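Numbered from 1 within each chain, the chains take letters A, B, ... in sequence-line order. Quantities reported herein were computed from a predicted structural model and do not represent experimental measurements.
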Amino acid sequence: MAAKKQSRGNVGELPGKLLARSFFEASPEHVSLALLGKVLTHKTKQRLLAGRIVEVEAYLGPHNDPPDAAAHSYRGPTPRNQVIFGPAGYAYVYSIYGRYFCANISCEIEGQAGCVLLRALEPMLGLDQMARNRGLEPGAAAKDLTSGPSRLCQALGLTRELHNGLDLVDKKSPLQVRDDGFLAGRVVTTARIGINPANPALEWPLRFALAGHPCVSGPKQMRG
DNA sequence: CTGTGGATTTGCT
DNA sequence: GCAAATCCACAGG
């Protein structure tokens, strides 16, 4: 075993195993819970960036009763949100407030909308690059890198132009969701963050996070 | 064609 | 705690 060229920041091995599309062919709530503890990987030419999913939110399609007025799919398919209405396991990345991006994963089956918003990760691989992407010093705190839906996009370098519509369960995809065997512990369920106060879905319990995890965003966790 | 507001983050008070 | 930053999808005329 002649030492193979040893990885020098080599982009070789992705952690764990790729998820199957069937993993995402379920309700957004179900997929949200199942996603906690899974690993989001972004493989670029130079670097492998990875983080464990520690906080998500479910957004329901308009076929639900009552419909989810907080979801982008609420008013039916548009050029922007068409990915949500497509098959499961695809990335829906959109821009917000002109400066930021948010990343989602489509659920359910083709023709039926539903998605999961990724709200926070625990950085695992490529922390130095994440800090650079965020404009922070190397060694920045984990929670400053990927705690928040737009922060994690910035840390991983995700944009609408490059990543919207990518198939996350294709083994050739630069962006994947993988299972490294981590078992999620206690899960905290709360209302979703940033919902318009006038929205009837304001208090729906569709936000899920690993209890007590330091990288979870938003209000302090309730004692569960 | 134009007006409006958003699944946010940051910096200043 | 609050408001600025700053783009574009979408709805209405």
Side-chain angles (χ1 to χ4, degrees), chain A residues 24 27-33 35-36 40 51 53-62 64 66-86 88 90-108 113-121 123 130-137 140-165 168 177 188-209 214-221:
Chain A
F24 297 97
S27 73
E29 295 141 288
H30 182 94
V31 176
S32 290
L33 282 164
L35 273 175
L36 290 176
L40 182 67
I53 298 170
V54 299
E55 179 187 350
V56 297
E57 283 178 1
Y59 284 85
L60 312 183
N64 290 276
D68 182 358
H72 284 183
S73 56
Y74 179 55
R75 296 170 195 281
T78 68
R80 176 174 69 148
N81 66 20
Q82 59 174 326
V83 173
I84 307 176
F85 289 85
Y90 284 76
Y92 168 51
V93 182
Y94 67 92
S95 62
I96 187 169
Y97 300 122
R99 316 169 60 105
Y100 304 109
F101 295 98
C102 293
N104 306 249
I105 305 175
S106 63
C107 303
E108 311 246 2
C115 67
V116 176
L117 170 68
L118 303 177
R119 286 198 55 93
L121 307 176
M130 291 186 193
R132 287 180 59 183
N133 290 346
R134 293 264 302 117
L136 301 172
E137 299 289 321
K143 68 178 196 310
D144 291 330
L145 295 177
T146 52
S147 179
S150 298
R151 287 176 175 173
L152 74 87
C153 285
Q154 198 173 24
L156 293 194
L158 305 183
T159 66
R160 174 182 177 277
E161 183 180 37
L162 294 178
H163 301 96
N164 186 49
L168 299 182
V177 186
V188 174
T189 303
T190 76
R192 293 173 292 184
I193 292 177
I195 303 296
N196 188 311
N199 198 303
L202 177 65
E203 301 193 13
W204 292 3
L206 295 178
R207 171 173 173 254
F208 308 94
C215 292
V216 170
S217 76
K220 287 163 199 164
Q221 294 198 14

Report task. Ignoring hydrogens and angles, state whether a donor on the side chain of R160(A) or S95(A) is under 3.5 Å from an acceptor on the partner side chain. Result ->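 Short answer, no.
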Return the minimal non-hydrogen interatomic distance between [X] and [Y], and the atom names on each side.
| X | Y | result |
| --- | --- | --- |
| N164(A) | A91(A) | OD1-O, 3.4 Å |
| P123(A) | M130(A) | CB-SD, 3.9 Å |
| P205(A) | T189(A) | O-CG2, 3.6 Å |

Query - Donor-acceptor contact present, side-chain S147(A) to main-chain C215(A), <3.5 Å - result: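 Answer holds: yes.
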Query raised in the report: Listed by chain and number, what are the ring pair (Phe, Tyr, Trp, His ring centres under 6.0 Å) partners of H72(A), not counting sequence neighbours?
Result: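 Per chain and number, H72(A) pairs via ring pair (Phe, Tyr, Trp, His ring centres under 6.0 Å) with Y92(A), Y94(A).
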Query - Pairwise C1' distance for dG5(B) and dA3(C), with rounding to whole Å - result: 15 Å
**Report entry** P gap between dT6(C) and dT2(B), integer Å
**Finding:** 23 Å
Query raised in the report: Among L118(A), L117(A), I84(A), whose side-chain contact (heavy atoms from CB on, under 4.5 Å) with I105(A) holds?
Result: L118(A)
Query raised in the report: With sugar-phosphate meaning primed atoms plus P, OP1 and OP2, does R192(A) contact a base, only sugar-phosphate, or nothing at under 4.0 Å between heavy atoms?
Result: nothing
Query raised in the report: With a 4.0 Å cut-off on heavy atoms, is N196(A) in touch with a base, just the backbone sugar-phosphate, or nothing at all?
Result: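 Here N196(A) touches the backbone only, sparing every base.
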Query raised in the report: Could you spell out the base pairing of DNA chain B in dot-bracket, with Watson-Crick or G-U pairs whose two distances are under 3.5 Å, [ ] crossing and | to another strand?
Result: ||||||.|||||.
Query raised in the report: With respect to E55(A), which candidate in R151(A), K143(A), R119(A) satisfies the salt bridge (Lys or Arg N to Asp or Glu O under 4.0 Å) definition?
Result: R119(A)
Length of the [atom1]-[atom2] vector between [X] and [N], whole Å:
| X | N | atom1 | atom2 | result |
| --- | --- | --- | --- | --- |
| Y97(A) | dA9(C) | OH | P | 16 Å |
| Q154(A) | dT6(C) | CD | P | 14 Å |
| I96(A) | dA5(C) | CD1 | P | 18 Å |

Query raised in the report: Which comes earlier along DNA chain B counting from the 5' end, the contact point of G194(A) or that of R151(A), where each point is its nearest nucleotide?
Result: G194(A)
Query raised in the report: Do the non-hydrogen side-chain atoms of I195(A) and W204(A) ever get within less than 4.5 Å of each other?
Result: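 No, their side chains stay 4.5 Å or more apart.
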Report summary line: Counted 5' to 3', the first and last nucleotides of DNA chain B within 4.0 Å (strictly under) of a heavy-atom of chain A are dG6(B) to dT10(B)
Query raised in the report: Want to settle it: does R160(A) or Y100(A) sit nearer the 5' end of DNA chain C, counting the closest nucleotide to each?
Result: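 On the 5' side of the pair lies Y100(A).
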